[in-house]
Structures are given as C-alpha cells and as structure tokens.
4 protein chains.
Amino acid sequence: MIIVMQDAASQADTLAVQERVHAEGLETRVLRGVAKTVIAVIGHRPPELLQQVRRMGGVESAMPIGEPFKLAARGPERERSTVRVGGAAVGGGAVTVIAGPCTVESRAQLEAAASCVAASGAHALRGGAFKPRSSPYSFQGLGEAGLELLAEARAATGLPIVTEVLDPRQVEMVAEYADMLQVGTRNAQNYPLLREVGGCGRPVLLKRGMGNTIDEWLMCAEYVLAAGNPDVVLCERGIRTFETTSRFTLDLNAVPLLRQRTHLPLVVDPSQGTGHWFMVEPLTLAAVAAGADGVIVEVHPTPEAALLDGQQSLNFDHFGALMAALRPMAAALGRPLAAPARAPAPAAA
Amino acid sequence: MIIVMQDAASQADTLAVQERVHAEGLETRVLRGVAKTVIAVIGHRPPELLQQVRRMGGVESAMPIGEPFKLAARGPERERSTVRVGGAAVGGGAVTVIAGPCTVESRAQLEAAASCVAASGAHALRGGAFKPRSSPYSFQGLGEAGLELLAEARAATGLPIVTEVLDPRQVEMVAEYADMLQVGTRNAQNYPLLREVGGCGRPVLLKRGMGNTIDEWLMCAEYVLAAGNPDVVLCERGIRTFETTSRFTLDLNAVPLLRQRTHLPLVVDPSQGTGHWFMVEPLTLAAVAAGADGVIVEVHPTPEAALLDGQQSLNFDHFGALMAALRPMAAALGRPLAAPARAPAPAAA
Amino acid sequence: MIIVMQDAASQADTLAVQERVHAEGLETRVLRGVAKTVIAVIGHRPPELLQQVRRMGGVESAMPIGEPFKLAARGPERERSTVRVGGAAVGGGAVTVIAGPCTVESRAQLEAAASCVAASGAHALRGGAFKPRSSPYSFQGLGEAGLELLAEARAATGLPIVTEVLDPRQVEMVAEYADMLQVGTRNAQNYPLLREVGGCGRPVLLKRGMGNTIDEWLMCAEYVLAAGNPDVVLCERGIRTFETTSRFTLDLNAVPLLRQRTHLPLVVDPSQGTGHWFMVEPLTLAAVAAGADGVIVEVHPTPEAALLDGQQSLNFDHFGALMAALRPMAAALGRPLAAPARAPAPAAA
Amino acid sequence: MIIVMQDAASQADTLAVQERVHAEGLETRVLRGVAKTVIAVIGHRPPELLQQVRRMGGVESAMPIGEPFKLAARGPERERSTVRVGGAAVGGGAVTVIAGPCTVESRAQLEAAASCVAASGAHALRGGAFKPRSSPYSFQGLGEAGLELLAEARAATGLPIVTEVLDPRQVEMVAEYADMLQVGTRNAQNYPLLREVGGCGRPVLLKRGMGNTIDEWLMCAEYVLAAGNPDVVLCERGIRTFETTSRFTLDLNAVPLLRQRTHLPLVVDPSQGTGHWFMVEPLTLAAVAAGADGVIVEVHPTPEAALLDGQQSLNFDHFGALMAALRPMAAALGRPLAAPARAPAPAAA
C-alpha cells in the first residue's frame, strides 16, 4: 500500500497514519518528495486497512499494490489452465465452439439445433431452461423439463451441455443434468449463487457483469475458486456503454488483458455482445483472432419464430458459414479448432 | 408496434410481415412514405412478436409503443404512492431520512449510531447484516446476530430498520426482523430474489443496478409488484460511467424522470453514489432539491475504523450538520422533513 | 512518481529503471515488500518520463503523485475565485443565473427573451450566434448578425452577454461583441481554440467535453489559464453514459469534487444536461443545492416553434416559476441570488 | 416521422399536432391503438420539426424514420467505396496497413521508423507533426519542420504520408505536404475544421470522437462529404467506457455495423484503442477478422524513449511479428494484404 499525504497535512497527521499502520504489525517508510509526502507500507495488510487509512486526517489517497485475487491471478510462472467439459475442453491452444439455442423451446427445436451444431463441428451444446427475463410477463423457460430435453440431446449427439442456473436452490438439480453451469451477466455478483456453484462439482461458465470492470469480474471468479471449484471459464459478453446501436459493446480488449492477468480460459459471446445476427460471424472471427479460447453462439432452426433473442440467433446456414470461415482462419493462426467431442459425455449415464 | 421496412424491401416482404402480425389476431396499417414503408400494428401484441418481426426479411427496425411495466407505471391519473415502513413513511410530500452504519459491526457501534441518528431526526435506521463484498476474503457481515442487534436498536430508539437481503433462502428469516428489506445493486436483476421479496410481507427498498437503465430498473420493480407486494421504494445509488474520481455517478436526472413515469416513491443514496464522505451533504441536498422523497445515508461513530465503506460514511458531527442544513432547505421547498418516527415499530413485538 | 515492478522482474530490471531515473537528475528509493518491489522517485520529473518508464522491462505500472494542472489547482490555502462578466460576477457565494435562448433567431425573439429573463432576475443573457450542429444541413446560426442583436439586447436590458465561439479565426470578432465567450462541449479539447480564447481579453465559459473526465476538463482550463487568461468559469453540462432516457447524464458529483480541487467557479447547465424542459427546474435547484456558483438555462418565447432545442427550453412562465422556487431555496442555503446586473455592461460602448 | 401521443392527450392536442404538420405541407395518418394514439407523418420534414413537435401539448415522443446522413449512407444498391492515398488504397477487399511513430521527433527517428515499416510491408506512413496534448506543458510536436521530415521519408520510401491537422488555419499548409489529413478524436466534432478539410483536395482519415455514437460520427463524415470531399476513411479508435484497465474500449462491433450503414472504408487504430503495446497485435488481427479495411499502428525505434505514447507503440521486432501473423490470417480470410505502395507518391514531386 502507498499512502499519499495532502499538501496541507501536518507532521502529526503523518505520524498518526504511521502509528495506525504499525498497530497492524506492518512497517512503514516515509518519503518526502518535492511536493508530496508518501508513506510506503510493507507487509500483508488486512483488507479493511486501505479504506480506513483513506479516511484519516491529512490523507489524500491510498493505493493498493498487487492483485486482490489470489487464485485467479496468473502469477509469474503459471501456465494458462484448461477446463474439461464432458468430453470437450476449453483452453490449451485449440478453439472451442459452444453453440445452440438461446432457450430450449421444445424437443423438436432442440433436436434440430443439436444435430445441426454437432454436424457443423461444435464442441458443446448450449440451451437455457431457466431464463432471466427483464419482464416478469415474458416466457421464463421450460425449467426442469428443459433440462431433460438437453440430456436427451446430449445422448443423441454426444455433445456436453452448458446451461444457466439462476437460483442457489436449483444448483444441485441443474448440476445433475448439465456438464457445465453458466452464471449469467445479471448474476455475476450474486455471491450466494457463486458460492453454491463453487461446490457443485461441475465446471462453471462465468459471464461478465454488464456493468463490471475486469477486476471485479476476476473477484467474482475468485468466489467460485475460493469455494473449492477450480474449473472456471470466463465469458466476455459485452458491457454497457453509451453506444446503443448494438445491444452491448463487446470488449475484445479484455481478451489479451485477461490472458496476461489470469490463468483461467476465456470464451466470448458474440450473440449477446452484439444483439444482431449479422454481426455474430465477424465478431466470432475477431474474438478468436484476439486470442479467445473459444466462443459461445446462439443457433436456432427458425430465428424469426424464436421465443426469445431470435434477432441475434444464427440459422443453420449462417452457422455452417461461420464454421467454414472460422476453420481456415484458426488454422492460419496456428490454433486449429478442437476435435469434435462425440464420445458420450460422462454425466449422461 | 411500429415496423419500418428497409429501402430495399420488396412488396412480398411487406405482405409476409403483415401476415405474421395478422396470425396473432392483430390489425395492420401500411403507410408508404417518400423514403420508407411503415407498418403500424394495432392491438396487444405478445411480447415475443417484437423480436420475431425484427428478424424477418426486409425489416429495418421495429419499435414498441407504450410502457412495458404495467404495475409500476404512473398512468395518466394515478397519484404518487406512499410506502409505510414501520412507523415511518416514504412519499407523500415530506422528506424521509434513513441513516445508520453501512454494516452492523458490534452492539456498541450500532447503539451509538442508532442513538445519534434518532437524536438528529432520522426516520429509519439502516445497517447491513449480510454484506455483498467484492472479495470473498473480506468481512461478510454478522449474519443473523446482526439482525438481532438491529432489533435491539429498534426497541431502544423506536426507529424502523432497513437491512439488505442477498439470498432467496434468507428472505423469510430477514423479514422476521426487518421493517424493510433492501435489494442491493448487485442483485437488482436477481429475479428469484425479487420474486421472493415479492411475497415477504414487508416493504422493499430496490436499488438500481449500477449498469441498468431506468427502464430496466422499473421492470425489476415490476417483478416485486407482480409477485403481490405493492410496497416498493426505488433507490437511485449511482451508475457506472467513465468518470472514476467519484465511485459512481449519481444520476439525479432519474429523479424527475421517475416522478413522471412511476407512482413509486424514490430515495437517493449519496453515500454509495459518490464514495466520498465530503460529497454526501451536497448530494443529499441536491437529491431533495431535485424532488426525491428521501435519502439513505451512511453514518458511523468512527469512520476511520469502520470495517467497510468508512471513506463514504459521515461521523456524528457531519450527520448533525447535514440535518441542520437539510431542514431549512426542505422547508423552503415546501417539503418539510417528516416527523420523527418514535412509536415502537410493529415488527418489534 | 511511484514505480511498481512485476513479480518476475529481475534485479537488473530494477537497476535499469533506477539508472534511467537518475539520468534525469532525480533520486530513487527502492522498497522491497512481501510481494512487490516498488521504486519511489523524488524530484520534478519531465512529463514524458512516466510513459517511458512504463515501457521498460520488468515494470508493472507507474503512478504519478500530485496534480498535473498547476494554475487551475486549488492548492492548500487558495481561496475560490470570482470571475466578473460585465456588471455581473460568478463565484463569491451568491448564485448567478445566465439565461436566454439556445440560439438567436430574430430581433423579436431575442428582445422578448432578454426582457423576460431580465425581469425575472437573471444576471446575464445567453444566446448562440454560431451553433455547432450535428448535421451540416441544419440551421447554423445567424453569425455576426446574431452578435449584433445580442449587443442590442445588452443595451436594452443592461445584461452582459454570453455567446459561443467555434472557430479560432472568429475569436477576435466574437470578443468585440460578447462579455463572455463560451467554448462548447464539442470543442472542449480543441486546443488551438483554447489558446486563442486564452488571449481574447474576455472571461471564458468552458463546458465539459461530453466524453471527458474531470481531470481532462481541468487540463482544458489549464490551456486557457496558461495562455494568460485568468477568468475561466467551468460549466458541467452532462456526460455520455448508457442511460439515454435523458439526453446526457448531468454529473452533479462534479460540483463538490471541483470545489475541492480547483479555485475556478463552476456553473451547471441543466438544459443541455437533461434535454427535457420539465427536468430543468428540479436540476437547477439540485445544482445550486450541491454548491454550484450558478446555472445557465435555455429560455425561449415559444419553445414549440424554436429552430433548435425547444424540447429543453423553458417558456417564460416556466422560467418565472424556476426563479420563484430558486430564490427562497438559495436564501435558506445562505447563498442568496446575486443582485440583478442592470448597469450598462462595459463592452456595450 | 412517427408521433406518439400521451395517454392523457385530448382530441384537441391531436388536432393541433396535425395542423402543425400540415402547415409544412406534409400529410398525416392518425392511428388509434388500444393504448395509444399515433400520428404518422408522410413527406420530407424540415429538420427542426421533430423537436418542435416533441414540445407540443399531449405529445409523448416523436421518432424520425430514415437515416439523417445522405452522402455517407450506403443505400440499398451502393457499393462500398475505395479511397486512394498516394499510391495506396483503402477499401476494395485487400487489407491496408498504415504505420509509423505517434509523433515525428527527429530525422533519425523518422527515417528508422519509415524504413522499418516499409520493409515490413506497410502501405502508408503515419507520423504527427501537430499533436493535441492533454497538457499545455507537454511537447506539442515539431510543426512544419515535422512535415518536412515526413516529406523526406516519403521520398526515401515511396510511402504516402498520413498526418494530423488541428487548426483550420493550418489545413492548407498541411495539405501541401501530406497525402492524407487526419482529424483526431478531440476534433471529431470541430465543424469549422471538418468544413476546411472538406475543401482541402486530399483524402481525410476521420477518427471517431471518444464520446460519440456511430450515428454522430457518420454525421461528422457528412460534414466533410457535404463540403465537396468524397474521400473519407473512418477510423475506429476506442470509446470512453467505465473500463479503465485499457485506455479506451475498442468498439469492434462498429466494424460490421458500419459496413452495413455506410459505403465509406473503415480502418481501426489498436494503439490508441488499447493504450498498451502488448494488446496491439491481438486487436489488429481482431479488427481485420471483423472486416476492417485496414489498421493504423504506432511503431517507434525505441518506445521506452519515445516523447509520447511509447506505452502503446510497437518496436521494430513487434511490428515484424505483427505483419508475419497478419499476412497468413488475412489470406485465410480471402482478403490478402494490399501490395506494397513503393511508387513515388504523387504529392512528393
């Protein structure tokens, strides 16, 4: 911690700050510059001390040194991690594609979507059974019946399934069906839910909160990791900005930043991050070119009849075209698409 | 709903859109302008139709007409509502002050804070027992022991108590102690929690999500209202913007906007909304001048020793000064401070 | 400057950074903490050194200590400044109201607006002759003919006039007519224009750039001050955020922040900052309650026929009501409205 | 234009709006829905009418139909444009790379940088002679001496030169030296400057204002086009958001959006858009994968000694690596790098 004193701070102010710090068993060094006096604190400070010192007389600012997330941080020699999802994997150099409908609507719809994405080479199937809708009057998902349809689709295609959980009371049930649990943007800072998925025994896809900084997002991952679950995949899905032509602003700057700061793998959601189907292919290619470990993409048999988010869903032709464009580009970058995961997924038994 | 066709849309595109709308039992009117063809839809559309039409061939955009929140909307003749909180009230013209520590830390701390705010004329006592902390390693609150201390403070001062709930599994327990349940900014779109507080039998203080628009926020209120709880007070607490000198940007534009659009009362949180104690008094005065029904303010006996958020907490002298400044200003605006609520609160029995 | 080394930095990296700093004639102190090595730099660094050091091997970050604006900074003992505008003043405790039409449209329109705002107690008349319009096809203002009408209105009412300048080539001409030159939000970082108004001999109203932080804005003021003009009034007029129900988000947090950091007076523009006439009165009251030295408000005889910005303009009745509400509130805050400026303004001769 | 009436609007309100519209020679159609009355306006409305109607009694909102930019709009059948810059071109399918130092510092620095970027296959040389600095005390560029050095570098390498202009009074002089004039983010809405470059006879690189929406940016381009200059290249360079780990948030969503809405070519600036050199290669690849017509990249012989922006500049090895990564990826996307522009540039004579 570095503490900067105000120009008008007295000698007594500086001494009081030092004494407060020493009371925690920490050392201080006082540096008197031309304009400012700075107090450097040496040792592991308790987390509360930063704010407490800021409130003391004569203190202008106090800055932490070092990252607040311990388990998520990359550290100087740490390799980047790979997270296994059923028979598939995220991380490790290859590109992973998770695809499927925004929401499970019916057996016919899910079967068609699952066959399409499997045939096109996707590595996992997405589909929502519990949907966080901005209106209480909108369709909220099929619930457990949707999870059963997802399990059927896994049995039919061999694709592991990724699905969202909204409520800590449902984590156990969802984990019985799913190969990976998704925590959505609206629950990114729902700490009881993060703790619960931290103990669920399944890998977690953790979306970025639409109003959260990268640091806050890594602290959300830290909640899951600290609860004992090492298998966290981060998902950039767009942030809130003043630009509203697209639904959100996909922050691809986050990709190289996170590769530097955390060992956790990272996928990108260009469907949520743009809100328009015609932008999904360009931003998928961009995400992979920026270094993402994979993407998660919405695909629907008939987007114009989808119960939600049809506007940002690809139809089967568009998804085939996306995979056809992605394959050679990924190869040219030396990061080919992962091999298809067709073995029966472990949770299907 | 108004549908705008692309310049390049064909006659067949327009007909297909009309047929899709007619299939829902709705009427259409086609308007051919100089540059664009527009289809106006008459009747109550299902919520899904908007996105579905946007995805059809030849459609440029589709705009809803009318507010999506029915219970929260003000409507042409609707009076603004008053919400009773124990012996106090929010709304109805007078100014209500909710004050107390960010977090309940100990009996001594809470007793001191409660006496101070009661003596200075506050109408309700705030204090967190369950705290949503960005780090899993920080103090998470005293839990139920904190609720018991709050109930003691209510018995001692007569002030109704306002406290946060984080987890749908704890709503029933928190409602046994509290006069008003607070849903925080990180849970603003936690729909299972909103539904649960919608059935808790206590008024709800609903903070704005730091990344949420006013429309999204009103839809969050709609979740609570639709679950059967009519007693919702909105709380503006700052939004995420590029300006980081203050912790958040307090959006006081929201005050007159919400007075026009909803009948629900509105308070402002200048502690969270600024992050600096020296800004709390000016922004409290500003919030009331803008028309807020009240404020919620953090007060701590020794902010420089607070376990959290001391930087934005007032000490007792500062809170006394704030009330002394607020009183004549509110009177000059014709909206005096509400009478102190000293009767024993109903939940204290 | 404080330099934080990466965990993986070598001894040689640290030495190289020290040598680079010593080469500028500055001293260093090396602090080895538990996790990090920190280098404190003592002395006045050249501005380039911060970025240069950040680019050196093994450096994680480098933070400046102290404010970069010298003339705008408040400093420990500096009083807040008062700026004289013709016979009026901004700063010094009283509340100053600048009002008038967004744009000068005709002699009749300006005469009516000037009489109204003078009669209601405004202290200066605003009106645009050169307008920065987002479309090249929109009305761009009357130009010098508009300045002549403003001078006539000053002669008739005694109110000093405030008007915008867009082009460094027109500063001299505008300064011949105006009592105060306004630099708008779109030109907040137009440095040639800032330098030019820095030599114009008239006070300057410097609006905040809609995408600028408070620090950047103070650096814009520093350009004008450094060019020799001490008479700068800052104007908060709303920033770009994700909330689009209001045209911009008025940042009233800026008011107490700026009172702490700069001696320059500050006014607020609730017309531009909200975009809706019905929000102008509440946000005017809020701005003054937050501590602003004044406001600048758009008033038009017939807003529904205004050539621009009628949506955010008050009509005469609304402006009268605003002044009637402001007067007792300002008095209750101990900061009464400034006395009306009716003496002939100096530049009118 | 579509006008939505308030629920409480009277018959007389609706009639008054219709009469106002008819007075402009336009037609109206009134649509009475279940909840709302809507008035559709047919014909070319004067730009002022939108705001004027919004201000009338009983009007809830009024929405324009159709794009406000006529020359920049793509239109249904319009091909995307190619802009020639000396012997190079932007647009037309191939990928164009503009590279060079942020600022011209000396003959030796510029010669070295120019040789490097030419040898690595760049198509144009960037370098600033007039720099918009946030501090008046920072180095402001070499001025005309810098332009002369750029002309020398063009003669030596055959690369056309791209340089910024800040002041309308300098447009003519800068255009004598440069092959392309850059308007920077701080001047994106400096309309006198846009008009002046609209008459300069050189192509213009128009950066997006850091606080500007895509629509506002296209209106800035419209200023240049309307002044008679058809050769505008747009440059996405990052926007202001709450995320401050990177200097700005590069908005790659803008790439497919702009390809749909305008015929103008588009390049991306990953140096400004990230602020960190290690992010420049990933975001360059991402920009091209998203469909950008090219990139503009900062390259410096010794970034750790650069007078400005060294933190975001590539050294020669990094730039070589970027080109080596870009070449096969662009080829795999079917959009190879443009052939090097080695012919003497036309303005060099």
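Any value given below was found using the heavy atoms of this structure, including those in side chains, with hydrogens, waters and symmetry copies removed. Values in this document were obtained by computation on a predicted structure and should not be read as measured data.
Contact of Arg195(B) with chain A is made through the side chain alone, with heavy-atom distances under 4.5 Å. In this structure, chain A has heavy atoms under 4.5 Å from both the backbone and the side chain of Glu222(B). Contacts of Asn190(B) with chain A are made by both backbone and side-chain atoms, with heavy-atom separations under 4.5 Å. The contact between Asn212(B) and chain A is made by backbone and side chain atoms together, counting heavy-atom distances below 4.5 Å. Heavy atoms of Phe69(B) lying under 4.5 Å from chain A are absent altogether. Heavy atoms of Thr213(B) lying under 4.5 Å from chain A belong to its backbone as well as its side chain. Heavy atoms of Arg55(A) lying under 4.5 Å from chain B belong to its backbone as well as its side chain. Interface residue Tyr223(B): backbone and side-chain heavy atoms are both found under 4.5 Å from chain A. With a 4.5 Å cut-off on non-hydrogen atoms, Gln311(A) touches chain B through its backbone and its side chain both. For a residue to count as touching a neighbouring chain, one of its non-hydrogen atoms must lie under 4.5 Å from one of that chain's; by this rule Arg186(B) touches chain A with backbone and side chain alike. Looking at Pro132(B), the atoms closer than 4.5 Å to chain A (heavy atoms on both sides) sit in the backbone and in the side chain alike. In this structure, no portion of Phe130(A) lies under 4.5 Å from any heavy atom of chain B. Of the atoms belonging to Asp167(A), heavy atoms from both backbone and side chain fall under 4.5 Å from chain B. Neither the backbone nor the side chain of Gln170(B) comes within contact range of chain A; no heavy atom of the residue lies under 4.5 Å from a heavy atom of that chain.
Screening Leu264(A), Asn229(A), Leu71(A) for a side-chain contact (heavy atoms from CB on, under 4.5 Å) involving Val224(A) leaves a single residue, Asn229(A).
If you check the side chains of Glu298(A) and Gln312(A), you find a donor sitting under 3.5 Å from an acceptor. Between Tyr191(A) and Gln140(B), the side chains place no donor N or O within less than 3.5 Å of an acceptor N or O (distance only, hydrogens not considered). Donor-acceptor pairing under 3.5 Å is recorded for the side chains of Glu243(A) and Thr245(A).
Here the shortest heavy-atom pairing between Pro301(A) and Gln109(A) reads CG-O, 3.8 Å. Heavy atoms only, all atoms of each residue included: Leu307(A) and Glu48(B) are closest at O-CG, 2.9 Å.
Per-residue counts of heavy-atom pairs under 4.5 Å with chain B were compared for Pro47(A), Ser138(A), Pro68(A), Ala305(A); the largest is that of Ala305(A). For chain B, the option among Gly211(A), Pro192(A), Pro136(A) with the highest count of heavy-atom pairs below 4.5 Å is Pro136(A). When each of His276(A), Arg20(A), Arg169(A) is checked for heavy-atom pairs under 4.5 Å with chain B, Arg169(A) comes out on top.
The pair Arg247(B)-Asp309(B) meets the salt-bridge criterion, with a side-chain N (NZ, NE, NH1 or NH2) lying under 4.0 Å from an Asp/Glu carboxylate O.
Within 6.0 Å of atom CD in Glu172(A), 12 or fewer heavy atoms from other residues, nucleotides or ligands are found, so the atom counts as exposed in its surroundings. Within a 6.0 Å radius of NE2 in His44(B), no more than 12 heavy atoms belonging to other residues, nucleotides or ligands are found.
Counting heavy atoms from C-beta outward, Gln6(B) and Val59(B) have side chains that stay 4.5 Å or more apart.
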